[in-house]
Amino acid sequence: EETVFNLNGIKIEIFSNEHPPPHFRVKYAGEVANYSIKDCTQLNGGLRKWYRNIREWHTNHKQMLIDTWNRIRPIDCTVGQYRENS
């Protein structure tokens with residue numbers, strides 16, 4: 001796991017050997033949710049009232065998420081590298 005952002009109780013993480021699609025996890029106030037790196041679609045979890053804030057953060061940090069996802073992938077990871085056209 002790699003924390004890519006941690007501020008005022010908001011924690012955004014990417015895990016090194018995960019299932020598709022490429023995604024990131026947000027933890028805040030005891031809730032957890034996963035979002036697609038591609039378009040910030042919520043995949044599961046809570047945090048629905050914070051979605052606009054999370055989406056704004058995603059828009060400003062998408063490249064950092066892509067770079068982190070690609071950097072920490074194990075060679076044998078079934079998901080593989082993130083490509084913008086995927």
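- Here the straight-line distance linking atom NE2 of His61 with atom OG1 of Thr68 works out to 11.0 Å at 0.5 Å rounding.
- Remark: Asn60 pairs with Glu56 by the side-chain contact (heavy atoms from CB on, under 4.5 Å) rule, at least two apart or across chains.
- Minimum interatomic distance between Leu43 and Pro21 (heavy atoms only, all atoms of both residues): CD1-CG, 4.1 Å.
- One N or O on the side chain of His58 and one on the backbone of Ile37 form a donor-acceptor pair closer than 3.5 Å.
- In plain terms, the two heavy atoms of Ala33 and Gly46 that are nearest each other are CB-O, 3.4 Å.
- Residues forming a side chain to side chain donor-acceptor pair (under 3.5 Å) with His19 (at least two apart in sequence, or on another chain): none.
- A side-chain donor-acceptor contact under 3.5 Å links Tyr51 to the backbone of Cys40.
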Hey, can you pull the donor-acceptor pairs under 3.5 Å for the side chains in residues 24-32, sequence neighbours left out?
| from | atom 1 | to | atom 2 | distance (Å) |
| --- | --- | --- | --- | --- |
| Arg25 | NE | Asn34 | OD1 | 3.1 |
| Glu31 | OE1 | Leu47 | N | 2.8 |

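- Applying the salt bridge (charged side-chain N to carboxylate O under 4.0 Å, His left out) test to pairs two or more places apart or on separate chains, those with a residue in residues 61-75 are Glu2-Arg71, Lys62-Glu84.
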Please tabulate, one pair per line, all N/O donor-acceptor pairs under 3.5 Å involving side-chain atoms of residues 3-14, not counting sequence neighbours.
| from | atom 1 | to | atom 2 | distance (Å) |
| --- | --- | --- | --- | --- |
| Lys11 | NZ | Glu13 | OE2 | 3.3 |

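- Without hydrogens or angle criteria, Arg55 side chain to Thr41 main chain gives no donor-acceptor distance under 3.5 Å.
- A distance of 4.0 Å separates CZ of Phe15 from CD of Glu1, quoted to the nearest 0.5 Å.
- Residues passing the side chain to side chain donor-acceptor pair (under 3.5 Å) test with Arg48, sequence neighbours excluded: Gln42.
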